[in-house]
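Just so it is clear: chains get the letters A, B, ... in the order the sequence lines come, proteins before strands, and each one is counted from 1.
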Number of protein chains: 2
Amino acid sequence: MDQKDFLTNIAFDSVVFGFSGGALKILIMEYHNTGFFALPGGFVQRNENLNDAVRRGLKERTGLDNIYLEQFYTFGDTARYKPEIMQTILESGNYSLEKYEWLLDRFISVAYYALINYKDVVPQPDALSDSCEWYDIDALPPLILDHADIVAKALQTLRDNLDRKLVGMNLLPARFTMNDLQKVYEAILGEKIRRTTFQRKMLSLEILKRHEKQYLGKAHKAPYLYSFEV
Amino acid sequence: MDQKDFLTNIAFDSVVFGFSGGALKILIMEYHNTGFFALPGGFVQRNENLNDAVRRGLKERTGLDNIYLEQFYTFGDTARYKPEIMQTILESGNYSLEKYEWLLDRFISVAYYALINYKDVVPQPDALSDSCEWYDIDALPPLILDHADIVAKALQTLRDNLDRKLVGMNLLPARFTMNDLQKVYEAILGEKIRRTTFQRKMLSLEILKRHEKQYLGKAHKAPYLYSFEV
DNA sequence: TATTTATTGTCTCAATTTGTGACAATAATA
DNA sequence: TATTATTGTCACAAATTGAGACAATAAATA
């Protein structure tokens, strides 16, 4: 974590979406003894592609390779430069201010969102943080810097992309019911969808494979299980 | 243009779209005595918002304030790091390699596209360049680094946004005919559009104001002139 | 075992949007 | 005055979407 290994003035932040209990969630880190909550992020090595740096960071936090990832905006306002926050974080973690002085400089941050299968992940804190945990998108703690703006823009971009990209595939397990899929769409859009219209639309896309094996255990007609045809 | 005034490792590039003679065009700079063609770009001052830096750069190239601007992607592959190109540019311009050594470092570039009214602009070269000129989007010279990729992604984003943003407003003069507007859409999409459907759709948006004053001079029924209501 | 409950998969019909061509109107030209 | 090229609008077909109806059925209940 030496200055000479990393590009200066540039960082990245990730909004990692998961779906569980009918709600959309994201990963938030809490720093040691500071009460500061933030998005997982990191810095770009001098010999590393930007996209690879983000994947490296996500691998450390989630253990996953091959995560679905979309870059959506780069945040570069001077208002996001608040060195006292990083200073507090470093001091609370007993890090040398001289050695890590470069972290107190201004950073422009490239923001990505990731979609992952909630159950595949055991979130891992990094050296500076106490925890890395899922938070319901509607019940986030107060976040440092402009991270609330980053989350808001990530969610807006996800909504805008909902019809164009295969969102469900990345947020659900391999097999799921039509109702599971609808719940994902409703959580992202923040509103109810008409069941029959949704079912017709999804089937007409011809990207779903229907399996005869059915999900049982409830007091009603058993739904088909589906998977995405890739 | 001193290192201490600017953020390091971060730059921006702009794809400036204009519309003339039925074709979509963009601004390209040519550097002194190098045969290098590139997008207009620049660097971010330490006390300056990223978006403001881009506006400053565009103002220098076009003379315009209040340009319509959209950030669309940040390019950060190591493959775009080719210091010998910047070195050639500096040497050809008789600039001191010591003083501008920081320009030979790796840069991650935040890319924007701008939409402007072609007739409002007299493109201005900067100190390092011979020319800043309009090129038809289908007849660009070979561009340095990954600038061809940047242009391709800008055009794709513009197409994707065509239905959601008021593209025509920024590429046309204040008053225009329905046919002018259709030509803009066709140039961006790269395909023909059905006239009656387009007209119906545009009118149904209720963002066009029809003026009784008509455009004359052709051997057929004179079309209405329109402007955007905002 | 028979009945009830909740949800699923599919169908139908209405409402809306889009595709396609027809046609009268008209400014300039021949 | 007739012709030409293009415009604004309409009419109808085709496709998509909205909204509800209904039979099917796995489990719970009586």
| request: Let me know the distance between CG of A/D180 and P of C/dT8, rounded to the nearest Å. | output: 9 Å
| request: Enter the distance from B/R175:CZ to B/D180:CG here, rounded to the nearest 0.5 Å. | output: 13.5 Å
| query | Judged by modelled atom types alone, do A/D163 and A/Y185 share a side-chain donor-acceptor pair under 3.5 Å? | reply | no
| message | Suppose we call a contact any N or O donor and acceptor under 3.5 Å apart; does that hold for the side chain of B/R195 and the base of D/dG8? | response | yes
| said: Applying salt bridge (charged side-chain N to carboxylate O under 4.0 Å, His left out), can you list everything that pairs with B/K218, at least two apart in sequence or on another chain? | reply: none
| Roughly how many Å is it from CD1 in A/I193 to P in D/dG20, rounded to a whole number? | 17 Å
| note | Residue pairs meeting side chain to side chain donor-acceptor pair (under 3.5 Å), one or both in residues 12-33 of chain A, sequence neighbours left out, come to A/D13-A/S109, A/H32-A/D130
| To the nearest angstrom, how far is B/Q199 atom CD from C/dT17 atom P? | 18 Å
| task | Figure out the CG/P separation between A/L205 and D/dT16, and round it to whole Å. | result | 12 Å
| request: Could you tell me the separation between the CE atom of B/M202 and the P atom of D/dT7, rounded to a whole number of Å? | output: 16 Å
| field | All pairs passing side chain to side chain donor-acceptor pair (under 3.5 Å) where residues 131-150 of chain A contributes a residue, at least two apart | value | A/R80-A/D146
| request: Quickly work out the A/R200 CZ to D/dA19 P distance and round it to whole Å. | output: 11 Å
| query | Base, sugar-phosphate alone, or nothing: which one does A/T196 contact when heavy atoms must sit under 4.0 Å apart? | reply | base
| field | Whole-Å distance separating the CD atom of A/Q182 from the C1' atom of C/dT7 | value | 12 Å
| Sequence-distant partners of A/E48, side-chain hydrogen bond (donor to acceptor under 3.5 Å, both in side chains), two or more places apart | A/R56
| query | Listed in order of residue number, which residues of residues 217-227 of chain B have a non-hydrogen atom at under 4.0 Å from DNA chain C? | reply | B/G217, B/K218, B/A219, B/H220, B/K221, B/A222
| Atom CG of B/N179 and atom C1' of D/dG8: how far apart are they, to the nearest Å? | 13 Å
| message | My understanding is that only residues two or more places apart in sequence, or in another chain, count here; which of them pass ring pair (Phe, Tyr, Trp, His ring centres under 6.0 Å) with B/F75? | response | B/Y73
| said: Pick the closest DNA chain D nucleotide for B/L203 and for A/R194 by heavy atoms, then say which residue is nearer the 5' end. | reply: B/L203
